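Right, one structure below, let's go through it.
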Amino acid sequence: MIEPRTLKGFRDHLPAQALAREKILDIARRVYRSYGFAPIDTPALEYLEILTGKGSEETDKQLYRFTDHGGREVGMRFDLTVPFARFCAQHIATLGTPFKRYHMAPVWRGENTQRGRYREFMQCDFDTIGTTSPVADLETVLVVHDLLTAIGIERFTIRINDRRLLGGVLESLGLADRSTDVLRSLDKLGKASPAAVAAELVGHGIAAAAADRLLAMASLSGPPGDVLTAVEPLVVDSESGQAGLAALRTLIDGTRQAGVAEGTVVVDPSIARGLDYYTGIVLESFLDDLPTLGSICSGGRYDNLAGLYTKQQLPGVGASLGIDRLLAGLEELGRLDATETPAEMFLVFFDEAHLADYLRIAAGLRAAGIAVEFFPEPRRVGQQLKVAAKKGVPAALVIGSDEFAAGTAQFKNMAAQTSTTIDWHGDLHVLVDAVHSLLVTRNHPPV
RNA sequence: GUGGCUAUAGCUCAGUUGGUUAGAGCACUAGAUUGUGAUUCUAGGGGUCGCGGGUUCGAGUCCCGUUAGCCACCCCA
């Protein structure tokens, strides 16, 4: 016998989890579309040369690669951004700009696993390409806000910053050429203590006084306006720093005008993002109840997405929802629905002689948009209801020979353990309407 | 990729300084109840103790390797 097992970092998805995933994917799709983002898809596999050398050496090491049967060097995509860059270089002439797309698909990274970190996981990207407008930046933040709100997360924070602001501060400290080391260290502030980060900065050869100023800057918090005012003196002599400051002001004002609640979007000067290609705003978002989980939705602005594949300059802005990390967080917070079935109604197969009637009733309910699970065997009623309860079907319909004779049906609310008699006199429309109104009065859990 | 911790029934876990046939709760199956699912009672099924090797008269227990999970580094969703 072969031992059934899955590869490290790869997982099966059982119905309860798959239902939660699909529900979030549906919400993401709806929110993205509500801003006019159009769906695209690209292959899981790309020529290796398309994928290598784009991020750091790390991403090259994490790349799943192999030689295919035709001798081609092939890689599996490790994010959706690089394939999108290739996609734009090939198709942007046909599509025109600005172009807004969303892309929800699995990616693969051969890195070590941890909670919420897997080797196969799904990303839900959206990007606006071909415009440098601040409105596109604003919409990116608003999409993230709408998305997390629609998923039903009450407490979350979107942290934004601007790479130019960081760059300006580094410039004025004479550290412009050390930006990669500095940004990586600052990025750890959420996890490591300020003292530890300061030590690391000094370890990189940065003067203690400069490290202190960087930390003071990165530790700023409070209302966005106050943070920006506090940072301003640090970039007075930096043109790009001022531009970043102005961009953040515009962005904060925009979110306010769009009706986002105060405190949901904050300026955090320590947000840097590891990826080198960001050049303007950067954003991360956190569950307030589980900040150690890390960012569940991140992104930013870049000047030139597809420079490696085309001479056309394509600036853009976008972000990505890490649905697997989010699900891990929601599970830890006990916010996931335990239901194992999409069925809204369980139809008990009571009396074998009435099979034709059951089939007719099930078809009528389904035609009305109600998901019906009809039990395939005429087993004991108790057994069937037990199955319905275990799966978490919210309602059951019991119709036996007595009910058929009387023209009635028993509607059972499984959670409330209540039973309602429906008089339908053999008229399917009456039954369907009654079931429909009884079902919509139930309360739906958030996720 | 490096280091640390962990692995016993579907799930959560006991299992003594190494000692005979590895247990509990929950879950599952059947019955009490040939028409009613969170209660009760009765009976039952289910474990190569992650996997492989070693030490020993004897290993769930000790040692080595390996696989997987968690944690830290690294990086990131």
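Order of the sequence lines fixes the chain letters, A, B, ..., with proteins taken first and strands second; residue numbering starts at 1 for each chain. Model, not experiment: these values are computed from the prediction.
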Going by an N to O cut-off under 4.0 Å, is there a salt bridge joining A/D127 and A/R101?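 Answer for the salt bridge query: yes.
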Selection from B/U36, B/G69, B/C74 that lies nearest to any side-chain heavy atom of A/R117: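 Nearest to the side-chain atoms of A/R117, counting from C-beta on, is B/C74.
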Provide the distance between the two [atom1] atoms, one in [N] and one in [M], to the nearest whole Å.
N     : M     : atom1 : answer
B/C49 : B/G60 : P     : 7 Å
B/U21 : B/C63 : C1'   : 28 Å
B/U61 : B/G15 : P     : 14 Å
B/C74 : B/U16 : P     : 40 Å
B/A32 : B/A24 : P     : 26 Å

Without decimals, in angstroms, what is the distance between A/F346 CZ and B/U36 C1'?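 My rounded result for the distance is 12 Å.
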Once you round it to whole Å, what is the distance between C1' of B/G1 and CD of A/Q62?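 Roughly 10 Å, once rounded to whole Å.
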Report the residues that fulfil side-chain hydrogen bond (donor to acceptor under 3.5 Å, both in side chains) with A/D41, sequence neighbours left out, ordered by chain and then residue number.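 side-chain hydrogen bond (donor to acceptor under 3.5 Å, both in side chains) check on A/D41 returns A/H103.
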Taking only the side-chain nitrogens and oxygens of A/T113, find out if one of them lies under 4.0 Å from OP1 or OP2 of B/G69.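 The answer is yes; a side-chain N or O of A/T113 sits under 4.0 Å from OP1 or OP2.
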Could you list, one pair per line, each protein nitrogen or oxygen that sits under 3.5 Å from a nitrogen or oxygen of nucleotides 2-4 of chain B, together with the distance?
| from | atom 1 | to | atom 2 | distance (Å) |
| --- | --- | --- | --- | --- |
| B/U2 | O4 | A/N112 | ND2 | 2.8 |

I need the residues from residues 118-125 of chain A with at least one non-hydrogen atom less than 4.0 Å from RNA chain B; give them sorted by number, or say none.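 Close to the strand are A/Y118, A/F121, A/Q123.
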Using the closest heavy atom to pick a nucleotide of RNA chain B for each, name whichever of A/F10 or A/E111 lands nearer the 5' end.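 Upstream on the strand: A/F10.
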Using heavy-atom distances to pick each residue's nearest nucleotide on RNA chain B, tell me which of A/K412 and A/G9 is more 5'.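 Checking each residue's closest nucleotide, the 5'-ward one belongs to A/K412.
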Atom pairs under 3.5 Å: protein N/O with N/O of nucleotides 28-30 of chain B:
| from | atom 1 | to | atom 2 | distance (Å) |
| --- | --- | --- | --- | --- |
| B/A30 | OP1 | A/Q383 | NE2 | 3.2 |

Give the table of side-chain donor-acceptor pairs shorter than 3.5 Å for residues 145-153 of chain A, with sequence neighbours excluded, one pair per line with atom names and distance.
| from | atom 1 | to | atom 2 | distance (Å) |
| --- | --- | --- | --- | --- |
| A/D146 | OD2 | A/Y35 | OH | 2.6 |
| A/T149 | OG1 | A/H145 | O | 2.7 |

What does the 5'-to-3' dot-bracket notation of RNA chain B look like when only Watson-Crick and G-U wobble pairs under 3.5 Å count, and pairs to other strands show as |? (((((((..((((.....[...)))).(((((.......))))).....(((((..]....))))))))))))....
What about A/R109: does its side chain form a donor-acceptor pair under 3.5 Å with the base of B/C76?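 No, no donor-acceptor pair under 3.5 Å.
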Between A/R366 and A/V372, is there a donor-acceptor pair closer than 3.5 Å when you use the side chain of the first and the backbone of the second?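 Answer holds: yes.
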